[in-house]
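To start, the structure under review is shown below, and the notes come after it.
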Number of protein chains: 2
Amino acid sequence: MPHIIGQGQCATCQIRHLSIFAELEDVLNEDIRSFHPSVMVFDAAETVYRQQSVANSAFTLRKGVVKLIKMLPNGRSQIIRLLRKGDLFGFDGFAGEAYNHTAIAVTNSEVCRLPLNELMALKKKNPEIEQAMMMRWIRDLREAEDMMLELGAKKAGERLASFLFKWCGENGSWQELPLSRLEMGELLGLTIETVSRFLSDWKRKGLINESRGSMQIADADALRELVCMNGSC
Amino acid sequence: MPHIIGQGQCATCQIRHLSIFAELEDVLNEDIRSFHPSVMVFDAAETVYRQQSVANSAFTLRKGVVKLIKMLPNGRSQIIRLLRKGDLFGFDGFAGEAYNHTAIAVTNSEVCRLPLNELMALKKKNPEIEQAMMMRWIRDLREAEDMMLELGAKKAGERLASFLFKWCGENGSWQELPLSRLEMGELLGLTIETVSRFLSDWKRKGLINESRGSMQIADADALRELVCMNGSC
DNA sequence: CGCGTTGTTGAGTGGATTCAATGGATGTGG
DNA sequence: CCACATCCATTGAATCCACTCAACAACGCG
C-alpha cells in the first residue's frame with residue numbers, strides 16, 4: 001500500500017534543482033521553507049491517482065518511474081507519458097478539471113504530493129514558480145506533439161527504434177529500462193509480440209544489447225540504417 | 001500571399017470573449033486598449049509559420065480553420081491539431097523554443113499576430129491573462145493526451161467515428177468540415193483510401209450524410225453500434 | 001470542352017495482430 | 001534442493017486490417 005513517509009523539506013530537497021522550485025534562488029524564501037508537501041512511496045504497479053477523480057493535488061516525482069495511462073472501456077490501454085525524476089504531473093486541477101489519465105508506478109517510487117490550494121498560493125506569490133510551470137507545460141505539449149507524430153505516422157520498427165534512441169541516447173551507454181514488453185507496446189501502440197520480435201531481431205543482429213532490465217544501443221548507425229531507410233525517423 | 005489588413009482593436013474585438021483576453025472585464029483597461037496586434041489574412045494552404053523557425057510571435061485565430069502539422073523527412077505528415085475560432089497557437093517562444101510544428105491555413109483565415117515580448121509584458125501585468133493561458137495549455141495537453149489514445153489504441157473505423165462525433169456532435173446537426181480525405185487521413189494516421197472507404201460505407205448505410213463540405217451524423221447510435229461494438233470508443 | 005484535382009472502388013500485398021505453444025526466469029513451499 | 005507455480009518473453013502459424021497500386025468517376029475551373 002502507498003503510504004506517507006514524512007513531510008518534505010523543499011528548501012533542502014535533493015532534487016530541488018529538477019523541480020519547479022529550482023529557480024527560487026533564495027533558499028531562505030519564507031514560502032518555500034514553510035511548504036512541506038507529503039512524501040509518499042508507491043510500490044511498482046500501485047496507483048498514484050485515477051482518471052476522473054478530483055484533482056486536488058499535483059505531484060513531483062522524486063525517485064523511480066511513473067506511467068500515465070488512459071484506458072478504453074474494452075481494456076486496451078495507452079501509456080501517455082513516462083515520468084522520471086523531477087517531473088511534475090497531475091496538475092489538471094489548475095484548470096478546474098478532474099484527472100485526465102491514471103498515474104501508476106512502474107518501479108518503486110517516491111512522490112511529493114503538492115496540495116493544489118497551497119501550490120496555487122505559492123505560485124501566485126512567486127512568479128518564478130509560475131514561470132517554471134509554464135515552461136513545463138509547453139515542453140509537455142511539445143513532447144505530446146512529437147508522440148502524436150510517432151503514433152500516427154511511423155511503423156512499428158520506427159516507433160520502437162525512436163523510443164530506444166530517446167531513452168538510451170546514441171552514444172552506446174547502458175540505460176535502465178524498467179518497462180516490460182507489454183508496457184513498451186502500450187506506449188507505442190503495439191502488441192507484446194511485435195515489440196518482442198523487433199527486439200529479438202535487433203539483438204540477433206548485434207544492434208542492441210539487453211541485460212537485467214537495462215538496454216544498450218550497440219550500433220546506432222546500423223540500427224538507424226536498418227529501420228529508418230528512407231528518412232522515416 | 002498572406003498580408004496584414006490592419007491593427008486589431010482587442011478591446012472591441014468580436015471574438016474577444018473567446019480569446020485569452022476574455023477575462024479582462026475592464027474594457028477600459030489601459031494595457032489592452034493600447035495593444036494592437038496585426039491582423040493577417042491567409043488563403044487556404046498558406047503557411048502561418050514553419051517548424052524550426054524562431055517563435056517570436058504567438059497567434060489567435062479569428063476566422064477559418066488552421067492545421068498544425070509535423071512532417072517526417074520522408075514526406076509522411078501528421079496533423080497535430082485543428083484550430084478553430086478563438087484558439088491560441090504558436091506560443092513555443094514562451095519557453096524559449098522554436099516552433100515545434102508548422103501552421104497552415106486549411107480555409108481562408110484571419111489571424112491576430114501577438115508579438116511575444118508585448119504579450120509577455122501584458123501577461124506579467126495582468127494575471128487574468130496568465131490564468132487564461134494556463135487554462136489553455138492544460139486543456140491543450142489534455143486534448144493531446146486524448147489524441148494519443150486515439151492514435152495508439154484505436155482502429156481505423158474507431159478513430160474516424162470518434163473524430164466525427166467530436167467534430168459534428170451527436171445531435172444530428174450539420175457541421176462544416178473543411179477537410180479533404182487526405183487531411184482527415186493525416187489527422188488520424190490513415191490513408192486517403194481508408195478514410196474514403198469508411199465514409200462511403202457509412203453513407204451507403206445511411207449513418208452519415210455529406211454535402212458541399214458539410215457533414216451530418218444521421219444515426220449516431222447505429223454508427224456507434226456498428227463501429228464501437230465492444231466498448232472500443 | 002479539356003484539364004487538374006479530389007474522391008471512389010477494386011485487387012493484391014504486406015505488416016501487425018491474434019492465437020497458440022514453448023522456453024526461461026523467479027519465487028515458494030515442501 | 002527440488003518440484004511446482006507464476007510471470008514474462010520468445011517464436012511460429014494463420015488471419016486480418018490497412019496499405020499500395022491502379023483505374024476510373026466526379027467535380028470545379030479556366
Side-chain angles (χ1 to χ4, degrees), chain A residues 43-45 72 74-78 106-107 150-164 177-205 208-215 226-230 232, chain B residues 43-45 72 74-78 106-108 150-164 177-205 208-215 226-230 232-233:
Chain A
D43 288 340
L72 252 28
N74 65 359
R76 279 182 252 164
S77 76
Q78 178 69 24
V106 173
T107 64
E150 296 290 321
L151 294 171
K154 290 189 186 178
K155 298 183 189 303
E158 296 161 2
R159 288 183 218 171
L160 187 53
S162 287
F163 168 69
L164 291 181
L177 179 50
L179 296 185
S180 68
R181 301 291 188 259
L182 176 64
E183 286 168 320
M184 292 188 222
E186 285 175 345
L187 178 67
L188 301 173
L190 304 171
T191 57
I192 275 192
E193 294 95 330
T194 302
V195 172
S196 180
R197 276 183 240 274
F198 276 101
L199 292 179
S200 298
D201 184 42
W202 296 343
K203 276 193 246 177
R204 271 191 291 270
K205 289 178 170 139
I208 62 172
N209 293 302
E210 194 181 26
S211 169
R212 295 169 278 105
S214 286
M215 191 82 85
L226 174 67
V227 180
C228 319
M229 324 172 41
N230 324 313
S232 50
Chain B
D43 288 338
L72 250 28
N74 65 1
R76 278 182 253 164
S77 76
Q78 177 69 24
V106 173
T107 63
N108 295 354
E150 296 290 322
L151 293 171
K154 291 189 184 176
K155 298 186 190 299
E158 296 162 2
R159 288 183 218 172
L160 188 53
S162 288
F163 168 68
L164 291 182
L177 179 50
L179 295 185
S180 68
R181 301 290 188 260
L182 176 63
E183 286 168 321
M184 291 188 221
E186 285 175 346
L187 178 68
L188 302 172
L190 304 171
T191 57
I192 274 190
E193 295 94 330
T194 302
V195 173
S196 180
R197 274 184 242 275
F198 276 102
L199 292 180
S200 298
D201 185 41
W202 296 343
K203 275 193 249 178
R204 272 189 291 269
K205 288 176 171 142
I208 62 172
N209 293 302
E210 193 181 25
S211 169
R212 293 171 279 106
S214 285
M215 191 85 85
L226 175 67
V227 180
C228 320
M229 324 171 44
N230 323 316
S232 49
C233 301

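Every chain is numbered from 1, with letters handed out A, B, ... down the list of sequences. Nothing here was measured: the structure is a model prediction, and the numbers come from that model.
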Does a side-chain heavy-atom distance below 4.5 Å link B:R159 with B:L151?
yes
Less than 4.5 Å apart, any side-chain heavy atom of B:L190 and any of B:F198?
no
Roughly, in whole Å, what's the span from CG in B:L182 to C1' in C:dG7?
11 Å
State, to the nearest 10°, the angle formed by the axis through the first five base pairs of the helix from C:dC1-D:dG30 to C:dG30-D:dC1 and the axis through its last five.
30°
To the nearest Å, how far apart are B:E210 CD and C:dG7 P?
9 Å
Between atom CE in B:M184 and atom C1' in C:dT6, what is the gap in whole Å?
12 Å
Could you list all the salt bridge (charged side-chain N to carboxylate O under 4.0 Å, His left out) pairs where at least one residue sits in residues 189-200 of chain B, not counting sequence neighbours?
none
The criterion is side-chain contact (heavy atoms from CB on, under 4.5 Å); which residues satisfy it with B:C228, sequence neighbours excluded?
B:R224, B:S232, B:C233
Taking protein heavy atoms under 4.0 Å as touching, what does nucleotides 25-30 of chain D look like 5' to 3' if B marks base contact, S marks sugar-phosphate-only contact and - marks none?
------
For A:A153 and B:L72, work out which heavy atoms get closest and say how close.
O-CD2, 3.9 Å
Can you find a heavy atom in the side chain of B:E183 that is under 4.5 Å from one in the side chain of B:L187?
no
Locate the shortest heavy-atom distance separating A:V106 from A:A44; write the atom from each residue and the value.
O-CB, 3.3 Å
So if I define the base as every atom that isn't primed, P, OP1 or OP2, how would nucleotides 11-23 of chain D read as a B/S/- string at a heavy-atom cutoff under 4.0 Å?
BBB----SSBB--
Determine the minimum heavy-atom distance between A:M215 and A:L177, stating which atoms define it.
CE-CD2, 3.6 Å
Which whole-number value in Å describes the distance from A:R181 CZ to D:dC7 P?
18 Å
Heavy-atom closest contact (B:E158 atom, B:K154 atom, distance)
OE1-CA, 3.3 Å
I'd like to check the side-chain hydrogen bond (donor to acceptor under 3.5 Å, both in side chains) partners of A:N209; sequence neighbours left out, ordered by chain and number.
A:Q216
